[in-house]
A.B. asks: 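Structure provided below as structure tokens; questions to follow.
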Amino acid sequence: MKGAEAMMKALEAENVKVLFGYPGGQLLPFYDALYQSDLLHILTRHEQAAAHAADGYARASGDVGVCVATSGPGATNLVTGVATAHADSSPVVALTGQVPTKLIGNDAFQEIDALGIFMPITKHNFQIQKTSEIPKIFRKAFEIAKTGRPGAVHVDLPKDVQDDDLDLEKYPIPAEINLQGYKPTKFGHPLQIKKAAELMKIAQRPVIIAGGGVQIANATPELIKLSEYAQIPVCTTLMGKGVFPEEHPLSLGMVGMHGTQASNYSVYESDVLIAIGCRFSDRITGDLSSFAPNTKVIHIDIDPAEIGKNVGVDIPIVGDAKAILKDILIHLMKKEMVNKTEWMENVKKLQKKSMPVMEFDNTPIKPQKVIKEMMVALREVDPSLTNTVLTTDVGQNQMWMAHYFQTSAPKSFLSSGGQGTMGFGFPAAIGAKFARPDANVIAVTGDGGFLMNSQELATIAEYEIPVIVVIFDNRTLGMVYQWQNLYYGKRQCAVHLGETPDFLKLAESYGIGALRVEKPEDINEAFKTALNSGKPYLLDIIIDPSEALHMVPPGGNMTNILFPDRQEPTPKAQCFSEMKKILSPKV
């Protein structure tokens, strides 16, 4: 068997069903073997989109997503998507072509040091030097990607290794492996679990911060049981959105820079803070000296490197969130909990202050109104919103959705957190649709983020992938625009996107149905039309560019929440007209 054929067999052994990629010269043997296999390959129109699609597939399914690109520029175009997946602990295996082994280091055509480039942005990195290594390296790559704290793994495939023969009797697939030194801890230390339960029992003002680790561990049932039994309110990070039903009376919403008053104030006032599968990033803590100053911290995480990295911890517990929460519940159910009536009353007051206002009849349309009508339309076909997957891009559209779209199920809200990657939302939705073909999959994006990967309209048109693209169209880079208004004296530089392209004509040029919505009363009907079409669809919704969400200043105290006044658009920078003069033909 040729090496490339063995690679197909190794992928099938890992239960891979779909690959997202883009071929090239150094991958011709791989793609020839792919042609003869049963694997489905989706040709994205850019390698970055292939990585995001694999990432979306992984996040929506919990399985490993696979992306493929050729050597040189193909590999470097994967970098942003691979870094995005790794930052958010998403299990992705990235396969890159490489020049033949004898040419590595000779600056051959389309040669790049893929190992060196991917090393800082992956969990592990392989380059196959001979065909006999294929079975074990593929098995190792998938095992490392999906176990412990999941992450991205890169495998470099020299062309001669793809072409050479492999003796399957001598090197069977799947291979048996022993990853020396790699033994992720699943079960937490019993003594630490007991200490955590004792502290939760006597806590008078406890709060849970649930992060992406709860999502990865499928620990939502245990989280809900813990919250309800011990009467502990729950706030989530952006990556944790969906792990706790947001209509639940103990839900506080998102925490951090763009968090709700209920979450930020509850964390600040807590006496015991239980962090589960979160990194305590700067967007969560702000000024560390004022973050939860009078609290004892219990930190549960499968990655020991995260515990104590940013915030001091009183009770560290390393292991899988699901297993640890089960053990904590066993201890708690033997104990009588401290009465928390006063704390619950305080939490209810904070929740009332955080109640969102979503009913607006203004023109231009308010983003809150768009989200309200989106949920109304979706609930007609999916009453509990458990069969809906939302992907977002990055920027204001992301924060609007994180605040106002109510999620009820894990793995239903996919967004780029660690890297904040514009261009993520749309291709991630493509991957999510393959992971959950029966779900309603909607990509919510700003016009700026959409333009970064708008070429993937060709992908959803070619394969008839029924993803709905919703563009929050304000013709600005909204979040940068907001920050410039707040912190830079309203000096708006390089944030205006101009009036082109016409997104309807762009969609129609690919044969995709599209509607533009400019009036609030038309939003609901537009969503129904898109949902009922059963086809790829684009909604271009013209929103108010002056609308802005509250936020905490970078590095500030998380209780210092700014509620910005209306951001009136100002004239474009003078340099815009000066540039026109420069580019005008001289008489």
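Computed over heavy atoms, backbone and side chain alike; hydrogens, waters and symmetry mates excluded. Numbers here are sequence positions counted from 1.
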A.B. asks: Heavy-atom distance under 4.5 Å between the side chains of Asp55 and Thr84, does that happen here?
C.D. replies: yes
A.B. asks: Applying side-chain hydrogen bond (donor to acceptor under 3.5 Å, both in side chains), run through Tyr182 and Thr147 and close with a yes or a no.
C.D. replies: CA-CA 10 Å; Tyr182 179 72; Thr147 55; 2.7 Å; yes
A.B. asks: Mark yes when over 12 heavy atoms from residues, nucleotides or ligands other than Lys123 sit less than 6.0 Å from its NZ; otherwise mark no.
C.D. replies: yes
A.B. asks: Give the intermediate values and the outcome of side-chain contact (heavy atoms from CB on, under 4.5 Å) for residues Leu157 and Gln127.
C.D. replies: CA-CA 6 Å; Leu157 312 173; Gln127 186 178 77; over 6 Å; no
A.B. asks: Could you tell me whether the side chain of Asp303 and the main chain of Arg149 form a donor-acceptor pair under 3.5 Å?
C.D. replies: no
A.B. asks: Answer with yes or no whether the side chains of Ser415 and Gln398 bring together a donor and an acceptor at under 3.5 Å.
C.D. replies: yes
A.B. asks: Show the nearest heavy-atom pair for residues Ala196 and Ile328, with the distance to one decimal.
C.D. replies: CB-CD1, 4.4 Å
A.B. asks: When you look at Glu306 and Lys309, which way does the salt bridge (charged side-chain N to carboxylate O under 4.0 Å, His left out) test go after all the steps?
C.D. replies: CA-CA 5 Å; Glu306 290 297 344; Lys309 185 175 80 174; 3.1 Å; yes
A.B. asks: Can you find a side-chain donor-acceptor pair between Glu246 and Thr407 that sits under 3.5 Å?
C.D. replies: yes
A.B. asks: Are the side chains of Trp400 and Gln368 in contact, using a 4.5 Å heavy-atom criterion?
C.D. replies: yes
A.B. asks: Would you check if the side chain of Ser354 reaches a backbone N or O of Ala262 as a donor-acceptor pair within less than 3.5 Å?
C.D. replies: yes
A.B. asks: Between the side chains of Thr445 and Asn397, is a donor N or O closer than 3.5 angstrom to an acceptor N or O?
C.D. replies: no
A.B. asks: Please lay out, stage by stage, how Val207 and Cys235 fare under the test side-chain contact (heavy atoms from CB on, under 4.5 Å).
C.D. replies: CA-CA 8 Å; Val207 175; Cys235 53; 4.0 Å; yes
A.B. asks: Using only heavy-atom distances, determine whether the side chains of Thr295 and Asp271 contain a donor-acceptor pair under 3.5 Å.
C.D. replies: no
A.B. asks: Specify the closest pair of heavy atoms between Ser290 and Pro293, including all atoms of both residues, with the distance to one decimal.
C.D. replies: O-CD, 3.6 Å
A.B. asks: Start with the C-alpha gap between Ser270 and Arg205, add the side-chain angles, then the distance that decides, and say whether side-chain hydrogen bond (donor to acceptor under 3.5 Å, both in side chains) holds.
C.D. replies: CA-CA 5 Å; Ser270 65; Arg205 303 184 306 280; over 6 Å; no
A.B. asks: Does a donor on one side chain and an acceptor on the other come within less than 3.5 Å for Lys17 and Asn15?
C.D. replies: yes
A.B. asks: Check the side chains of Lys349 and Tyr265 for a donor-acceptor pair under 3.5 angstrom, ignoring hydrogens and angles.
C.D. replies: no
A.B. asks: Can you check whether Phe118's main-chain N or O pairs, donor with acceptor, with Thr122's side chain at less than 3.5 Å?
C.D. replies: yes
A.B. asks: Taking Ala439's backbone N and O only, do any of them form a donor-acceptor pair with Lys433's side chain (distance below 3.5 Å, no angle check)?
C.D. replies: yes
A.B. asks: For the backbone of Leu166 and the side chain of Lys170, can you confirm whether one donor and one acceptor N or O come within less than 3.5 Å of each other?
C.D. replies: no
A.B. asks: Could you check whether Thr559 and Asn264, counting side-chain N and O atoms only, form a donor-acceptor pair closer than 3.5 Å?
C.D. replies: no
A.B. asks: Does Gln204, at its CD atom, have more than 12 non-hydrogen atoms belonging to other residues, nucleotides or ligands within less than 6.0 Å?
C.D. replies: no
A.B. asks: Do His403 and Thr260 meet the criterion of a side-chain donor-acceptor pair at a distance under 3.5 Å?
C.D. replies: no
A.B. asks: Looking only at heavy atoms, what is the nearest atom pair of Asp438 and Asn387, with distance?
C.D. replies: O-ND2, 3.0 Å
A.B. asks: Taking all atoms of both residues into account, what is the closest heavy-atom pair of Tyr404 and Val357, and its distance?
C.D. replies: CE2-O, 4.3 Å
A.B. asks: Measuring from atom NZ of Lys241 to atom CZ of Phe405, what distance do you get when rounded to the nearest 0.5 angstrom?
C.D. replies: 8.0 Å
A.B. asks: Provide the closest heavy-atom pair for Leu562 versus Pro553 in the form atom of the first, atom of the second, distance.
C.D. replies: CD1-CG, 3.7 Å
A.B. asks: So, Asn125 side chain and Val153 main chain: donor-acceptor pair closer than 3.5 Å or not?
C.D. replies: no
A.B. asks: Could you tell me whether a side-chain N or O of Glu133 sits under 3.5 Å from a main-chain N or O of Gln129, the two making a donor and an acceptor?
C.D. replies: yes
A.B. asks: Quick check: do Phe138 and Phe126 have side-chain heavy atoms less than 4.5 Å from each other?
C.D. replies: no
A.B. asks: When you check the side-chain N and O atoms of Gln48 and Asn77, is any donor under 3.5 Å from an acceptor?
C.D. replies: no
A.B. asks: With salt bridge (Lys or Arg N to Asp or Glu O under 4.0 Å) as the rule and sequence neighbours excluded, what pairs involving residues 310-322 come up?
C.D. replies: Glu222-Lys322
A.B. asks: Hey, does Ile442 have a side-chain heavy atom less than 4.5 Å from the side chain of Thr391?
C.D. replies: no
A.B. asks: side-chain hydrogen bond (donor to acceptor under 3.5 Å, both in side chains), that's the test. Do Asp88 and Ser90 meet it? Break it down for me.
C.D. replies: CA-CA 6 Å; Asp88 291 340; Ser90 182; over 6 Å; no
A.B. asks: Kindly give the heavy-atom pair with the smallest separation between Trp343 and Pro206, and that separation in Å.
C.D. replies: NE1-O, 3.0 Å
A.B. asks: Any non-hydrogen side-chain atom of Gln419 less than 4.5 Å from a side-chain atom of Val394?
C.D. replies: no
A.B. asks: Does atom NZ (Lys352) have a neighbourhood of more than 12 heavy atoms from anything else shown, all under 6.0 Å?
C.D. replies: no
A.B. asks: Under 3.5 Å, which donor-acceptor pairs link side chains of residues 209-216 to any protein atom two or more places apart or in another chain?
C.D. replies:
| unit_1 | atom_1 | unit_2 | atom_2 | d |
| --- | --- | --- | --- | --- |
| Gln215 | OE1 | Lys411 | N | 2.6 |
| Gln215 | NE2 | Met239 | O | 2.9 |

A.B. asks: With a 3.5 Å distance limit and no angle check, can you tell me whether Ser416 reaches the backbone of Gly420 through a side-chain donor-acceptor pair?
C.D. replies: yes
A.B. asks: Would Thr392 and Met399 satisfy side-chain contact (heavy atoms from CB on, under 4.5 Å), going step by step from the backbone distance to the final call?
C.D. replies: CA-CA 9 Å; Thr392 80; Met399 293 302 120; over 6 Å; no
A.B. asks: Determine whether more than 12 heavy atoms belonging to other residues, nucleotides or ligands lie under 6.0 Å from atom CD of Glu247.
C.D. replies: yes
A.B. asks: Would you check, one step at a time, whether the test side-chain hydrogen bond (donor to acceptor under 3.5 Å, both in side chains) holds for His248 with Glu228?
C.D. replies: CA-CA 10 Å; His248 195 288; Glu228 291 176 344; 2.7 Å; yes
A.B. asks: Show your working on ring pair (Phe, Tyr, Trp, His ring centres under 6.0 Å) between His86 and His124 and close with a plain yes or no.
C.D. replies: CA-CA 10 Å; His86 187 58; His124 203 70; over 10 Å; no
A.B. asks: Tell me whether Asp393 contacts the main-chain N or O of Gly425 through its side chain, where contact means a donor paired with an acceptor under 3.5 Å.
C.D. replies: yes
A.B. asks: Is there a side-chain contact between Ile371 and Met358, using heavy atoms and a 4.5 Å cut-off?
C.D. replies: yes
A.B. asks: Say whether, by atom type as modelled, one donor and one acceptor occur between the side chain of Glu47 and the main chain of Leu78 under 3.5 angstrom.
C.D. replies: no
A.B. asks: Check this for me: Lys194, atom NZ, are more than 12 non-hydrogen atoms of other residues, nucleotides or ligands nearer than 6.0 Å?
C.D. replies: no
A.B. asks: Applying side-chain contact (heavy atoms from CB on, under 4.5 Å), name anything that partners Val16, two or more places apart in sequence or on another chain.
C.D. replies: Leu11, Glu14, Leu19, Leu39, Val66, Phe142
A.B. asks: Set out, in order, the CA-CA distance, both residues' side-chain angles and the distance that settles side-chain contact (heavy atoms from CB on, under 4.5 Å) for Met355 and Gln261, then state yes or no.
C.D. replies: CA-CA 10 Å; Met355 287 293 288; Gln261 281 182 289; over 6 Å; no
A.B. asks: Would the number of heavy atoms belonging to other residues, nucleotides or ligands and lying under 6.0 Å from NZ of Lys340 be above 12?
C.D. replies: yes
A.B. asks: Say you draw a straight line from CD1 of Ile232 to CG of Leu223; how long is it, rounded to the nearest 0.5 Å?
C.D. replies: 9.5 Å
